[in-house]
Structures are given as structure tokens and as C-alpha cells.
Asker: 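Quick one: the structure is below, questions incoming.
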Amino acid sequence: MSAIDEVKQKTDIVEVIGQYVSLTKSGRNFRGLCPFHSEKHPSFYVYPEQGSWHCFGACATGGDAFSFIMKKENIDFGEALRRLAERAGVTLPSRPEPGAKRDEKERLYQINEAAAQYFHDLLLNSKAGEKARNYVAGRGLSADTVAGFKLGFSLNSWEALKQHLAEIGYAEDELLAAGLIKEGEGGKLYDGFRNRLMFPICDLKGKVTGFGARALDDSMPKYLNSPQTPVFNKSHTLYGIDLAAPTIREKDVTVITEGYMDVITAHQNGFSNVIASMGTAITEPQINILKRLSRNIILALDADQAGEEAMLRCVGYENTLDAEVKVITLPQGRDPDDVIREDPARWQRLLDEALPVIDYTFDMVTAGLDITRARDKTLATDRLLPVIAEIRNPIRQAHYLQKLARLVNVDERRLEAELARLKPAPGRYRDKTPLAKDAGQPPRILSSPVEDYCLALLLQYPELKRFQPQPAPEHFENSENREILTGWQKAGDLPALKASLDPALWEHLDYLLDYLKKREVPTGQVERRYADCVLNLRKKYLRGLEARRSDIFALEVELGGTGADLAKLEAEGIEPSAQLLEIFRQTRHKAKNQGAKE
Ligand SMILES: [Zn+2]
């Protein structure tokens with residue numbers, strides 16, 4: 001976690017803004033008189049869950065804790081960061097990571113890279129690799145795919161890899177640390193992977209962190225992974241993420257499967273936003289990686305895996321992502337690899353028909369029931385209410401409670417009372433779901449993948465600066481992104497940009513510069529993708545405005561606002577709606593044109 005992220009995580013925006021503005025609670029949020037313009041009726045709101053604030057009055061602007069302090073104290077980003085860091089008790093490091101530790105990790109990446117190259121060459125060229133080549137051909141993998149995933153083969157030998165790596169200068173203790181060799185009885189060292197098809201596993205940046213390996217004979221286990229090392233941790237790893245990331249950002253959805261072959265076959269058939277988790281339950285660190293790319297997830301589940309427990313887990317993912325998780329189930333006994341190889345169109349249909357997890361649960365629970373009978377109504381309610389109780393987003397929860405009430409034809413208030421008894425006590429997630437740790441803290445949802453992608457494009461292709469329309473700084477919710485955008489608009493080149501930025505932002509800048517490294521955007525596509533991003537950002541911004549406005553509007557009605565207030569709010573709401581409508585019109589128009597071209 002970067003120091004900036006840590007400051008964000010430890011900063012309570014209500015407390016920070018509360019020093020300047022007298023805030024009162026209003027639903028889940030807080031409101032007060034705007035400190036930036038003069039007003040009698042409070043139109044300044046603070047959203048603790050998002051870590052953001054917004055003035056719906058004359059300013060019509062908002063941001064996070066950093067931008068509030070910057071505006072209020074008239075200071076730059078670096079100074080705001082230092083003040084908030086001090087408040088939060090975070091020491092800002094002069095270097096991102098202690099040198100020695102970083103060097104050790106770098107060394108392990110190099111060893112893994114060397115091993116991956118060695119295995120890859122063996123698969124392509126060795127005589128012993130013939131069996132593995134046949135296996136790969138039998139699975140229908142093309143030469144490009146084998147190269148893209150850098151598949152490999154490990155010899156049926158106890159020390160071939162050890163010797164090879166020793167010859168090119170790696171010490172035995174380094175090979176042990178990388179998990180490539182093992183220590184047997186009497187301290188004898190031997191290769192950990194033998195006679196297997198090798199799958200190098202990479203992190204988001206494409207660095208090889210470890211290996212998966214499939215037996216080519218009947219050795220057990222059939223699949224073997226690298227052990228945990230300083231650079232490899234199964235629960236922090238997503239297979240295929242480096243290759244899938246650009247498409248995940250572009251399509252704004254990740255498809256999660258379970259196997260290496262699922263991912264590889266999917267990519268070969270053009271479904272390149274597919275990745276695999278390294279086990280059935282998805283962990284919090286994995287979700288945190290995905291969150292930076294897209295908040296939308298489709299989980300491909302085995303037919304016999306998709307029980308209510310799995311659904312509860314999915315609701316846990318939804319809570320952590322603050323987004324909807326969709327589910328598809330595969331035909332009995334088939335995995336994605338089979339389905340895609342047999343009929344890619346069928347896989348596409350499955351994806352198109354993916355259901356939001358709660359709707360899916362409704363279907364699953366009611367499938368065997370006759371909902372006109374009292375006994376089955378009770379059964380359905382007993383099984384669905386606990387799932388609904390886990391939903392943390394109140395609007396979605398209310399939506400599904402209504403759906404249940406309609407389904408069993410029972411008064412919604414009665415179900416609400418039931419639900420209140422079931423509602424998780426604070427901290428309950430902690431012991432229940434694998435996503436425990438995150439749940440206790442308020443989510444800090446500040447960085448959006450579209451923001452990062454848009455900026456990465458703009459940095460990589462400076463000519464886009466002349467492209468119209470340009471994104472406006474307020475379309476970026478993340479202060480770091482805002483800073484970099486405004487800096488870039490003024491700077492002539494990257495060195496000038498870097499020099500103009502506070503050093504605390506360099507890590508984020510490097511991250512953005514790395515974004516497109518792995519797979520370049522085809523030349524003819526740059527402008528189109530950038531235009532999509534700009535449009536998406538605007539849409540997001542306006543949608544956010546509108547959603548918040550309608551929240552406030554509902555509240556005003558509840559609190560019995562005056563007619564004049566309500567009319568004013570309504571009038572303010574019309575402007576973003578009109579702009580949104582225009583954007584939807586443009587999107588449809590574009591989609592039509594593209595459709596015609598293809
Ligand atoms: Zn204001």
C-alpha cells in the first residue's frame with residue numbers, strides 16, 4: 001500500500017471537514033453550510049463511505065479529503081498530503097520501499113524469469129518435450145498462445161533446472177527462496193517441478209512470481225503450484241491478470257474461472273478479460289487487485305458448486321467491491337475450457353445471460369418450489385432472507401426485499417421486521433466471509449479504473465492533449481489523478497511533468513506510465529479508446545451527481561422541505577439528466593455506426 005493510500009485509509013473525512021463546517025447527520029451522510037460559498041440552506045454534503053464531499057449549490061463541485069484541504073487552506077497537494085499524513089500518524093517515506101528488500105524481490109523475479117525461459121525453450125525445442133507438445137496440440141493451443149502465455153516443460157530430472165540456473169549464476173539458496181528447488185532428507189536439493197507442463201504465473205505488471213504445473217503422467221498431484229515465497233502468495237495471485245488487464249479495463253468487467261486452461265483457451269478465442277482465481281474462494285487481496293481494473297465481476301461456477309454458501313460468499317465480494325457480482329453456471333460436468341473449445345458462441349451467450357448474484361439465488365431457491373403453497377413460501381423466505389440480509393448497500397437490499405415480498409405475496413413491512421432480526425451485527429463479516437478484514441473499515445473508494453486508464457492513455461500519447469472533448473479535472477474523483485491531469489495539461493513533456501509534481505505522487509505516476517506497457521493499444525484505436533474513456537468519465541460524474549441529488553431529494557421530502565426548496569432541487573436535477581440523455585444518445589449513435597462497420 002502506498003503512503004498516500006494509507007493516509008486515505010486512516011483519514012476520516014467527516015472529522016477533517018468537521019473542523020471547518022458544522023455538520024449534521026443526514027441519512028448515511030452529513031450536511032452543512034458550504035464553506036466555499038455563502039448560503040442559508042445547507043447544500044454541502046459529506047459522504048463518509050466514499051470519502052468524498054460535494055456542494056450542490058453555487059460551487060457545484062466536490063472531491064476527496066485532499067481537495068477539500070487544498071481548497072480550504074489554499075495549499076498544494078503535497079502540503080495537504082503532509083498535513084493529513086501528520087493527522088493520521090503516517091510517516092511519508094522518502095523511498096517507496098527499503099532498498100535491500102526490493103533488491104531481493106527483484107532477484108527472485110529474475111530467477112523466475114530465467115526459469116520460465118528455460119522451461120519455454122524445452123517445450124518448443126527439446127526432444128524430451130515432445131509429449132508436452134503433443135498434449136498442448138491436443139488441447140488445440142496455437143503457437144501464438146503458447147508463446148503469449150510462455151508455456152513450458154520441465155524435464156523428468158532431479159536437477160536439470162538446478163544445474164541450468166547455477167550455470168547462469170544463481171546460488172542454491174536463491175533457488176530455494178524462489179521455491180524452484182526443494183530440500184530433501186539429508187539436505188539434498190532437487191528440482192521441485194519434474195515432467196510437467198509449466199504455466200508461469202505473473203503479477204499485474206507481467207513479472208513472473210511463480211509457477212503452476214500440470215503432471216504429464218499419472219503423478220500426483222495433477223496440479224502443483226510454487227510454494228509461498230517473498231514474491232508468490234496464492235491468495236494475492238490471479239492467473240492471467242497481466243494479459244487480461246487491458247481488456248478488463250476496456251470492457252469494464254472481469255470473468256473469473258478456476259483453471260489455467262480455462263484462461264488460456266478463453267484468450268485464444270478472443271475472450272481476453274478472463275482470469276483464474278487460485279482456489280474456489282476469492283480472497284480480499286485478489287478483490288483489491290481487481291478493484292483497480294473494474295468493479296464488475298462475472299463468476300463462472302461449476303454446476304454443483306453454486307449453492308447458497310457460494311452465493312453468500314458472492315455477496316461478500318459485492319460488499320467489498322461495492323458493485324454487483326454476476327454469476328454463470330456451467331453445464332453439468334463441463335468447465336469453461338470445454339465449453340469454449342466446443343462452441344465459443346455458447347460461452348458468449350452464457351456471459352450475456354449472466355445473472356446478478358441475488359437474482360440468481362432467487363431462481364435457484366424457487367426452482368424446486370411451488371410458491372403458491374404456504375409451506376413453500378416459508379421455505380423460500382427462510383432461505384432468501386439471510387442472503388438479502390448480507391447485502392450492505394441499502395438501496396439494493398430494499399430492491400430485493402421488495403422482490404421477495406412480491407414473490408411470496410407477503411407484506412413488505414413484515415419481511416422488513418424479519419430482516420431487522422437477521423441483519424448482521426457490526427463485525428459479523430469479520431468471522432464469516434473470506435473478505436473479513438476489509439469489512440470492518442469504511443471503504444475508501446477513490447480510484448476508478450476508467451480514470452487510471454484515461455490518464456494512462458493521455459500520458460502515453462501526448463497528442464491526445466489536442467483531442468476534443470477533453471476530460472475536466474472534476475470528472476476525476478481521485479486527487480492524485482486530478483493533480484497529474486492538471487500538471488500534464490501544463491507540462492511540455494514527462495520530465496517536466498514529474499518535476500512539477502510533488503514527489504509523493506511519483507509512485508502513482510509510475511504506476512500510470514506502466515499501465516499500457518504490457519500490451520500496446522493498436523495505433524488506429526488510440527483515439528477511439530480515449531474518446532470512450534472521456535465519455536465514460538463524464539457519464540460517471542453526471543450519474544453520480546444525479547444519484548446523489550435524488551438521494552437528497554428523497555430526504556428533503558421525508559424531512560418536509562419547503563415547496564421552494566424542492567422546486568429548486570428538482571430544477572438542479574434536470575441539468576445532469578439532460579446531459580446524461582445527450583451522452584446516451586451519443587453512445588447509441590456510436591454503437592450503431594460501429595455495428596454498421598462490422
Ligand atoms: Zn458551495
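For this chain, numbers begin at 1 and follow the sequence in order. Note that ligands are numbered from 1 as they come in the structure, with each ligand's atoms numbered from 1 the same way.
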Asker: What are the protein N, O or S atoms, given as residue plus atom name, that sit under 2.8 Å from the Zn ion (ligand 1)?
Answerer: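 Near the Zn ion (ligand 1), below 2.8 Å, one finds C34 SG, H37 ND1, C55 SG, C59 SG.
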Asker: Count the heavy atoms of every other residue, nucleotide or ligand shown that sit under 6.0 Å from CD of E86, and state whether that count exceeds 12.
Answerer: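 No, the 6.0 Å shell around CD holds no more than 12 heavy atoms from other groups.
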Asker: Kindly state each residue pair satisfying side-chain hydrogen bond (donor to acceptor under 3.5 Å, both in side chains) with at least one member in residues 69-85, sequence neighbours excluded.
Answerer: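 Sorted pair list: Y20-E73, E73-R83, E79-R83, R82-D502.
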Asker: Is there any salt bridge (Lys or Arg N to Asp or Glu O under 4.0 Å) pair reaching into residues 456-473, and which pairs are they, with sequence neighbours excluded?
Answerer: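 Sorted result for residues 456-473: empty, none.
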Asker: Are any side-chain N or O atoms of E39 and backbone N or O atoms of C34, one a donor and one an acceptor, separated by less than 3.5 Å?
Answerer: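 Pair found, side chain donor or acceptor close to backbone of C34.
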Asker: Please name all residues satisfying ring pair (Phe, Tyr, Trp, His ring centres under 6.0 Å) with Y530, sequence neighbours left out, ordered by chain then number.
Answerer: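 Testing Y530 for ring pair (Phe, Tyr, Trp, His ring centres under 6.0 Å), a comparison that skips the adjacent residues, returns F467.
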Asker: Among side-chain atoms of D64 and S52, is any donor-acceptor pair under 3.5 angstrom?
Answerer: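 Judged by distance alone, the side chains do not pair up.
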